[in-house]
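Notes for the one structure printed next.
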Amino acid sequence: MNKHLIALAVAAATLSGAASAAQVYSDDSSSLAIGGRVEARALLSEQADNKNVPAKLQTTDNEVTDISRVRVNIDAKTQIADGVQGIGFFEREFKSNNGDDENRYMYAGVNSDQYGQIVYGKADGSLGMLTDFTDIMAYAGSVVGGTKLAVADRTTNNLAYAGTFGDLTFKANYVFSGADYDKNGNKTDVHGFSTGAVYNVADTGLALGLGYGEQRDQNGVNTHKARSEQTFAVASYTVGDLYFGGLYKYGRRDGQNLVTDKVTDTQGYEFAAAYTAGKAVFTTTYGFMKDEKAHNVYDELANAVSVDGTYYFNSNFRTYASYTFNMLDKNKVGKVAASDQFVLGARYDF
């Protein structure tokens, strides 16, 4: 995430719990810290009475869903040479539905104070630092940035490099071809690479970023490895307590048409703004994404405005309220996919 956005209180909502982790062990060469968060979240939205019915035919009710979660992480570091450290990081997320628990991060590698770090395992891809320009909400995610290719997002079997040189941050990662199988025993595989760069223009408050990702997929009995591509361009400007961010995305075979369920090309853009007033932070985003079947003929894949407010009692505890106005056509995508969402949350970081 760019340093100008970090300067805002809103950045605290997007940082890992490791930012406030407590050091539980330290000696002359090694340290170990434990951190995380406990987050209670209640989601009010339309839910299908029967999910086995096609989306257009579903009957729905407005229901409150418990989407609370807990994250716990371990951050370890040891000095192995002058200015060089061996590092390891692990984070597990526990959800109200135990079946959705997951290991979010699990990697180890080497960090150089001068040359950056390289890690292997389940780690971030290279495009997350770009989608962070508009992924600033307390709850609602980036509807465009959230469609990153798997190899450009947090993923396993990932060799990732990151380095910061003055005002320039550069990332590159490669996800290896692996032997994964679905529940029917068919081999599945996603592999490829992504790369990105962010440049902070001195102390002007302006930041610019550009990134590209490419992957090949093999799914189920389909032995043809389809190629998907994405390009992201971003910019942000910070002045005083105000933050503005923008994102543009072009993708080839990187999305799913909500009407036909077919793989499709996509284009999208997103705008974000934040205002910090003392201990309160107000944020809003607008995101739009479409596929294009012919000249000026397309289906909307995302069209939403989100607003929220967060109050920071201190660095450890905050509460927030978030509302998303979903402007997709329910007659095309179904009531659930076109539902508005209202969320109340309370979060404790440790």
Seminar exercise, completed: Between the OG atom in S30 and the CD atom in Q85, the distance rounded to the nearest 0.5 Å is 10.5 Å

Problem set entry | Any side-chain heavy-atom pair of K332 and L258 under 4.5 Å | no

For this session: Report yes if the side chains of T285 and S142 come closer than 4.5 Å at any heavy-atom pair, otherwise no.
Result: no

Problem set entry | Nearest heavy atoms of E91 and N73, plus distance in Å | OE2-ND2, 3.1 Å

For this session: With rounding to the nearest 0.5 Å, note down the distance linking CG in L210 to CZ in F232.
Result: 11.0 Å

Problem set entry | Centroid separation F271 to Y269 less than 6.0 Å | yes

Problem set entry | Residues that N97 engages under side chain to side chain contact (heavy atoms under 4.5 Å, CB included), provided they are two or more places apart | D100

Exercise. Does V190 belong to the same Ile/Leu/Val/Met/Phe/Trp/Tyr cluster as V175, with side-chain heavy atoms less than 4.5 Å apart forming each link?
Worked result: yes

For this session: Kindly write out the residues that satisfy side-chain hydrogen bond (donor to acceptor under 3.5 Å, both in side chains) with Q117, not counting sequence neighbours, or none if the list is empty.
Result: none

Exercise. With the threshold set at 4.0 Å, does a side-chain nitrogen-carboxylate oxygen contact exist between R347 and D349?
Worked result: yes

Exercise. Is there a donor in the side chain of Y120 and an acceptor in the side chain of N157, or the other way round, less than 3.5 Å apart?
Worked result: yes

For this session: Flag the pair T147 / K249 as yes when at least one side-chain heavy-atom distance between them is below 4.5 Å, and no otherwise.
Result: yes

Exercise. Between Y286 and M327, is any pair of side-chain heavy atoms under 4.5 Å apart?
Worked result: yes

Exercise. Would D189 and S177 count as having a side-chain donor-acceptor pair, cut-off 3.5 Å?
Worked result: yes

For this session: If a pair satisfies salt bridge (charged side-chain N to carboxylate O under 4.0 Å, His left out) and one of its residues is in residues 139-154, list it, with sequence neighbours excluded.
Result: E102-R154, K148-D153

Exercise. Among the clusters formed by ILVMFWY side chains lying less than 4.5 Å apart, do M129 and V144 turn up in the same one?
Worked result: yes

Seminar exercise, completed: Note: A197 and L168 closest approach over all heavy atoms is CB-CD1, 4.2 Å

Seminar exercise, completed: Between the OG1 atom in T155 and the CG atom in N158, the distance rounded to the nearest 0.5 Å is 6.0 Å

For this session: Working to the nearest 0.5 Å, report the span between CG of D308 and OG1 of T283.
Result: 3.0 Å

Problem set entry | Those residues that, when tested against Q341, pass side-chain hydrogen bond (donor to acceptor under 3.5 Å, both in side chains) (two or more places apart) | none

Exercise. Looking only at heavy atoms, what is the nearest atom pair of G211 and L130, with distance?
Worked result: N-CD1, 3.4 Å

Exercise. Same cluster or not: are V119 and Y105 linked, directly or through other Ile, Leu, Val, Met, Phe, Trp or Tyr residues, by side-chain heavy atoms under 4.5 angstrom apart?
Worked result: yes

Seminar exercise, completed: What one should report as the nearest heavy-atom pair of A172 and T195 is CB-OG1, 3.9 Å

Exercise. Does the gap between the ring centers of Y323 and F325 come in under 6.0 Å?
Worked result: yes

Problem set entry | Residues D254 and Q215: side-chain donor-acceptor under 3.5 angstrom | no

Exercise. When the ring planes of Y174 and F176 are compared, do they come out parallel, tilted or perpendicular, using 30° and 60° as the limits?
Worked result: perpendicular

Problem set entry | Joint hydrophobic cluster, Y311 plus V38, side-chain heavy atoms closer than 4.5 Å | yes

Problem set entry | Y248 side chain to T231 backbone, donor-acceptor under 3.5 Å | no

For this session: Begin from the C-alpha positions of E229 and R253 and carry the test side-chain contact (heavy atoms from CB on, under 4.5 Å) through to its verdict.
Result: CA-CA 7 Å; E229 301 172 76; R253 293 182 55 84; over 6 Å; no

Exercise. Quick one: does Y139's side chain get under 4.5 Å of L43's, heavy atoms only?
Worked result: yes

Problem set entry | For Y275, side chain to side chain contact (heavy atoms under 4.5 Å, CB included) partners two or more places apart | D241, L242, A277, F282

Problem set entry | Row check, Y320 ring normal vs R318 NZ/CZ: under 6.0 Å, within 45° | no

Exercise. Does a side-chain heavy-atom distance below 4.5 Å link T266 with L301?
Worked result: yes

Exercise. Are the side chains of Y161 and L159 in touch, meaning some heavy atoms are under 4.5 Å apart?
Worked result: no

For this session: Not counting sequence neighbours, list each pair that qualifies as a salt bridge (charged side-chain N to carboxylate O under 4.0 Å, His left out) and has a residue in residues 261-270.
Result: none

Problem set entry | Qualifying residues under salt bridge (Lys or Arg N to Asp or Glu O under 4.0 Å), relative to E300, sequence neighbours excluded | none

For this session: Please name all residues satisfying side chain to side chain contact (heavy atoms under 4.5 Å, CB included) with S126, sequence neighbours left out, ordered by chain then number.
Result: K171, N173, S194

For this session: State, yes or no, whether a side-chain contact exists between E214 and R227 at a heavy-atom distance under 4.5 Å.
Result: yes

Exercise. Does anything in residues 279-290 pair up under salt bridge (charged side-chain N to carboxylate O under 4.0 Å, His left out), and if so which pairs, sequence neighbours excluded?
Worked result: none

Exercise. Do the rings of Y298 and F288 sit parallel, tilted or perpendicular, given the 30° and 60° boundaries?
Worked result: perpendicular

For this session: Hey, could you give me the CE/CG distance between M289 and N303, rounded to the nearest 0.5 Å?
Result: 11.0 Å

For this session: Check whether Y199 and L206 end up in the same hydrophobic cluster, where Ile, Leu, Val, Met, Phe, Trp and Tyr are linked by side-chain heavy atoms less than 4.5 Å apart.
Result: yes

Exercise. Is the distance between the ring centroids of F89 and Y107 less than 6.0 Å?
Worked result: yes

Problem set entry | Test item: side-chain donor near acceptor, D66 and S68, under 3.5 Å | yes

Exercise. Could you give the distance from CG (D132) to CG (D124), rounded to the nearest 0.5 Å?
Worked result: 8.5 Å

For this session: Answer yes or no: are there more than 12 heavy-atom neighbours, outside Y115 itself, under 6.0 Å from its atom OH?
Result: no

Problem set entry | Nearest atoms (heavy-atom pairs only) where L208 meets A235 | CD2-CB, 3.7 Å

Problem set entry | No-hydrogen, no-angle side-chain donor-acceptor test under 3.5 Å, S31 and S26 | no

Problem set entry | Where K122 and N103 come nearest, the two heavy atoms and their spacing | NZ-O, 2.7 Å

Exercise. Members other than I80 in its cluster, when Ile, Leu, Val, Met, Phe, Trp, Tyr link by side-chain heavy atoms under 4.5 Å?
Worked result: V84, V110

Seminar exercise, completed: Residue set satisfying salt bridge (Lys or Arg N to Asp or Glu O under 4.0 Å) with D299, at least two apart, ordered chain then number -> K293

Exercise. Looking at residues at least two apart in the chain, or sitting in another chain, which of them share a side chain to side chain contact (heavy atoms under 4.5 Å, CB included) with L32?
Worked result: V24, Y25, I74, A76

